[in-house]
Number of protein chains: 2
Amino acid sequence: MSAEAPYLRPRPANYVPLTPLSFLGRTAELYPDRLALIDEDRRFTWQEVRQRCDALAAALMDIGVKPGDVVSVLAPNTAEMFEAQFAVAMAGAVLNTINIRLDADTMAYILDHAETRVLMLDRQFALMAEVALQRTKGGRPVIIDLGGPGDALPGSQRHSDLVRSAPADFQPVVPADEWQTLCLNYTSGTSGRPKGVLYHHRGAYLMALGTIAGWGLSGHPTYLYTVPMFHCNGWGHAWTMTALAATIVCCRQISAKAVYDAIGSFGVTHFGGAPIVLGMLVEAAEAERPVLPHKVRVMTAGAPPPAAILEKVEALGFEVMQVYGLTETYGHVVQSTWEEEWNEMDVAQRATIKARQGVRFPMMETAEIRDVESGKRLPKDGTAMGEIVLRGNTIMKGYHKDEAATEAAFAGGAFHSGDVAVQHPDGFLEIRDRYKDIIISGGENISSIEVESALYRHPAVSAAAVVAKPDAKWGETPCAFVELKPGASVTADELNQFCRQHLSGFKVPKCYVFESLPKTSTGKIEKYKLREKVKTTP
Amino acid sequence: MSAEAPYLRPRPANYVPLTPLSFLGRTAELYPDRLALIDEDRRFTWQEVRQRCDALAAALMDIGVKPGDVVSVLAPNTAEMFEAQFAVAMAGAVLNTINIRLDADTMAYILDHAETRVLMLDRQFALMAEVALQRTKGGRPVIIDLGGPGDALPGSQRHSDLVRSAPADFQPVVPADEWQTLCLNYTSGTSGRPKGVLYHHRGAYLMALGTIAGWGLSGHPTYLYTVPMFHCNGWGHAWTMTALAATIVCCRQISAKAVYDAIGSFGVTHFGGAPIVLGMLVEAAEAERPVLPHKVRVMTAGAPPPAAILEKVEALGFEVMQVYGLTETYGHVVQSTWEEEWNEMDVAQRATIKARQGVRFPMMETAEIRDVESGKRLPKDGTAMGEIVLRGNTIMKGYHKDEAATEAAFAGGAFHSGDVAVQHPDGFLEIRDRYKDIIISGGENISSIEVESALYRHPAVSAAAVVAKPDAKWGETPCAFVELKPGASVTADELNQFCRQHLSGFKVPKCYVFESLPKTSTGKIEKYKLREKVKTTP
């Protein structure tokens with residue numbers, strides 16, 4: 001075949017930049033009257049969602065939002081929050097959803113760093129936002145009042161006015177290039193300032209199709225949005241569920257009752273949540289736990305679901321799949337797939353499999369472990385621990401205004417997750433620790449998670465964090481910080497004996513500190529503070 | 001947001017050219033021991049398929065195949081044919097699968113036009129190929145003997161030797177650019193020379209993910225390959241089923257018994273085929289029609305499944321979805337989706353819906369009808385007839401060595417299908433005719449398909465073709481060419497009366513010609529010959 005002739009170039013007929021906006025266009029065209037959103041007493045069809053998105057996009061352009069400007073949103077999972085996942089891009093702007101649980105200082109940092117042009121604000125967070133706005137260094141953004149409980153900030157424009165109707169000739173902006181930035185999502189790091197992760201249209205499109213293929217979604221699911229939409233665009237399900245013309249049930253406040261009610265009232269078929277949500281469902285009072293009318297499928301992430309919880313929640317009729325990912329990977333990129341033949345196994349075996357993070361989703365190219373020092377690929381032997389490195393089209397563009405961190409994250413041609421795992425012979429990854437939390441004692445790697453898991457099994461322990469303590473002989477040794485349950489008591493000796501029963505000797509902590517653990521606003525334990533403290537602990 | 005910083009460019013970690021080769025890589029890595037191929041008495045796991053593809057790719061490179069060279073295949077649906085869908089691209093070459101039912105002249109034309117460097121040849125077609133090769137103008141390609149019944153051509157290299165093992169350090173070629181040509185598929189036009197349709201890696205990847213989403217595929221299907229792999233790479237299912245780590249059952253010869261046996265023996269869950277295959281299943285002797293052990297899903301294309309066949313085949317336990325597409329669109333791009341609430345309808349209503357071609361697949365951007373003269377978009381009123389035009393990422397790059405035809409196909413910024421349809425208010429397309437087969441009589445459009453359908457209902461008619469006859473008064477009038485069933489007889493007057501009962505007056509043919517109809521080697525009626533003939537018909 002001779003060199004490519006110019007007439008074989010990409011053209012509008014055969015090359016369309018990949019973008020999740022295509023999904024909204026198709027679904028609104030083909031399923032205009034199908035129910036799209038349930039938000040408390042409100043109902044919107046897909047045609048209405050499309051019209052409201054058009055109107056909001058037109059309004060943002062009227063306000064003066066230019067292509068590439070950042071529109072931030074501070075809201076729980078409402079219809080407005082869902083629509084923002086599309087409308088902001090339809091104005092050519094970049095969506096920045098802010099974690100509602102952040103402190104005012106961090107919010108102010110984000111608003112400044114993102115150079116937020118417009119802030120869409122649910123009244124529930126108006127006071128917090130006002131404090132943050134007063135601490136920003138930049139100019140005050142235009143505020144759009146999304147409604148909700150409480151009062152709007154003075155000078156806000158009302159969202160309900162803006163979404164009434166778009167100009168008759170309105171055409172949404174479509175990306176000229178699929179690499180164009182779609183979102184700016186800040187990490188919730190446990191140390192230092194959050195980093196601004198940039199997503200592009202191509203990645204969002206492939207995230208949706210890859211999730212459909214990987215999770216085996218079909219038909220029109222009814223999806224309960226328990227996962228905050230400010231986390232990786234709600235794990236990308238805003239796009240995925242739109243592609244499927246699903247019905248999305250918004251959820252301002254998660255409780256076991258809310259989940260069971262939504263299943264009963266709306267026929268919810270799918271939802272997502274951290275293992276703590278599964279725990280809630282199991283621990284709900286008998287009266288709140290109806291017999292499920294159909295199988296409900298749950299995507300869980302953040303930590304392996306404990307075997308006891310998994311067993312109980314599956315007995316209730318839920319089908320749980322663990323996934324793994326980071327803000328930098330648009331959310332889930334590894335999944336604990338399930339093979340039918342494993343149904344024959346006993347509960348303990350099944351829980352062991354489901355506790356593993358799994359294998360890469362179809363849209364990912366590689367997910368492997370590499371030695372942290374040498375960068376060499378490690379064997380799939382279930383023993384060698386290395387950093388999970390990833391390659392694929394749903395990896396971020398990079399960090400906003402942070403070239404150094406971007407280059408570090410992509411060193412060696414793959415994305416460094418910072419998570420340390422083993423890879424089993426069947427390819428399943430199983431996380432052992434965050435890279436910086438690994439303790440190296442006498443040349444042996446100790447997973448702080450493994451030691452913490454042992455401590456959590458003690459009935460007196462409410463929370464535990466294990467960090468490396470510098471040691472003249474061993475290099476490092478594990479030091480345990482322990483928070484006890486109210487009214488419980490245990491001594492360091494007793495804990496030490498307990499650990500010896502459950503851990504290899506070299507993994508048993510050499511010191512125990514009893515105290516209330518420092519936590520971020522999102523509930524993550526701030527290990528970096530403990531690492532500082534441990535240097536002065538005798 | 002300021003202008004994009006260079007460090008936010010695509011890199012190997014976050015940008016991987018889309019290619020179906022990624023699916024084989026992932027499936028072979030994650031499901032090495034899962035059964036991939038069943039071909040008569042042979043069985044191959046995904047690891048074995050991958051190894052055989054590596055070895056074949058290495059062998060092709062040894063033979064001297066260079067990036068962009070064309071490797072043609074003439075074979076039925078065998079393991080070798082399936083593996084060629086990947087191995088040829090893994091050598092950087094372009095796959096050209098040739099329709100086994102073509103005549104030697106057309107085959108020779110294709111071998112010359114494609115500049116075939118290597119011909120992979122099943123012995124079943126060795127004699128036909130030899131005739132074709134002797135009629136080519138170019139040099140004789142290297143022949144790889146794929147086995148099969150009969151003798152190999154002299155001088156062939158044995159495929160079974162070539163796939164034994166790849167060099168230890170072998171790395172398949174991966175496309176540097178997702179726009180790179182993957183396949184060259186010749187149309188089976190009913191007039192003139194076939195055109196060479198060029199596919200790229202991006203389109204094949206998106207075809208697979210779009211099919212999974214649109215057909216709602218999940219788990220690991222067992223797919224019976226009744227659709228010839230030389231048609232649009234077997235409707236793209238070679239890639240789709242690989243992405244799902246399916247089990248593919250090869251099928252050299254299609255019969256009702258073969259289908260039922262495969263369902264019984266291998267647990268086939270999915271297959272595809274023209275409505276004639278459905279007819280075979282319905283007409284099979286009672287003894288050959290076992291009760292299906294599970295729901296079997298069928299994708300059908302080429303013509304709307306007749307209501308009577310549809311009713312019977314669904315009663316047997318098959319779930320049928322009609323799709324529409326062309327070689328130029330990588331196969332199916334429009335699907336007759338099914339909504340659960342339609343299950344309440346009676347059989348006739350359901351058949352009416354299923355007879356429509358449907359709505360665009362998720363990977364398609366637009367599928368609409370446009371007025372042939374003005375190019376204006378026509379309303380979705382179920383009445384206005386216009387040409388189906390399509391836009392999306394699974395539209396061909398263009399025609400090989402045919403710039404004029406490419407420009408014509410893409411005129412006005414969309415791909416012209418040449419098919420004339422109405423679009424119903426719910427967006428469903430329903431084909432009325434091929435553009436060139438439409439008859440314009442007194443300014444009214446007459447669908448030749450509609451007139452033919454009326455004729456087919458007459459018990460004496462075996463085949464019918466209706467073409468435009470030039471007419472001084474009306475411009476054109478319909479002229480019917482009719483082939484009768486053996487032993488049947490009917491007069492022109494009787495047919496005319498029959499048509500008056502079933503058609504509007506202006507659609508009733510003005511002349512009837514009784515004769516055996518000219519057909520291509522693939523069984524399509526050659527209307528262009530009838531159009532020539534009608535000019536001299538009184």
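Naming: A, B, ... by sequence-line order, numbering from 1 per chain. Worth knowing before you read on, the calculation uses all heavy atoms, side chains too, and leaves out hydrogens, waters and symmetry mates.
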(request) Give, as side chain, backbone, both or neither, the part of A/Gln180 having an atom under 4.5 angstrom from any heavy atom of chain B. (result) neither

(message) Please classify the contact between B/Glu328 and chain A as side chain, backbone, both or neither, with a heavy-atom cut-off of under 4.5 Å.
(response) neither

(message) With a 3.5 Å distance limit and no angle check, can you tell me whether B/Asn14 reaches the backbone of A/Asn393 through a side-chain donor-acceptor pair?
(response) no

(request) Counting only heavy atoms closer than 4.5 Å, note whether A/Arg34 contacts chain B via side chain, backbone, both or neither. (result) side chain

(message) Under 4.5 Å from any heavy atom of chain B, what part of A/Tyr15 do you find: side chain, backbone, both or neither?
(response) both

(request) Go through the atoms of A/Lys66 and report whether side chain, backbone, both or neither lie under 4.5 Å from a heavy atom of chain B. (result) neither

(request) Give, as side chain, backbone, both or neither, the part of A/Pro10 having an atom under 4.5 angstrom from any heavy atom of chain B. (result) both

(request) Could you tell me the separation between the OG atom of A/Ser22 and the CZ atom of B/Arg360, rounded to the nearest 0.5 Å? (result) 7.5 Å

(request) Could you tell me whether the side chain of B/Tyr205 reaches within less than 4.5 Å of the side chain of A/Met363, counting heavy atoms only? (result) yes

(message) Counting only non-hydrogen atoms closer than 4.5 Å, does A/Ala243 touch chain B with its backbone (N, CA, C, O), its side chain (CB onward), both, or neither?
(response) neither

(request) Salt-bridge test for A/Glu4 and B/Lys397: reply yes if a basic N is under 4.0 Å from a carboxylate O, no otherwise. (result) yes

(request) Under 4.5 Å heavy-atom distance to chain B, tell me which part of A/Leu206 shows up: side chain, backbone, both or neither. (result) side chain

(request) Examine whether an atom of A/Glu403 lies under 4.5 Å from a heavy atom of chain B, and if so say whether it belongs to the side chain, the backbone or both; otherwise answer neither. (result) both

(request) Counting only heavy atoms closer than 4.5 Å, note whether B/Met396 contacts chain A via side chain, backbone, both or neither. (result) backbone

(request) Can you see which heavy atom on B/Tyr7 is nearest to which on A/Thr406, and at what distance? (result) CE1-OG1, 3.2 Å

(message) Please classify the contact between A/Tyr330 and chain B as side chain, backbone, both or neither, with a heavy-atom cut-off of under 4.5 Å.
(response) neither

(request) Assess the side chains of A/His220 and B/Glu339: does a donor N or O sit below 3.5 Å from an acceptor N or O? (result) yes

(message) Under the rule for side-chain hydrogen bond (donor to acceptor under 3.5 Å, both in side chains), what residues qualify as partners of A/Gln423, not counting sequence neighbours?
(response) none

(request) Tell me, for A/Glu178 versus chain B, whether the close heavy atoms (under 4.5 Å) come from the side chain, the backbone, both or neither. (result) side chain

(message) Quick check: do A/Thr337 and B/Tyr31 have side-chain heavy atoms less than 4.5 Å from each other?
(response) yes

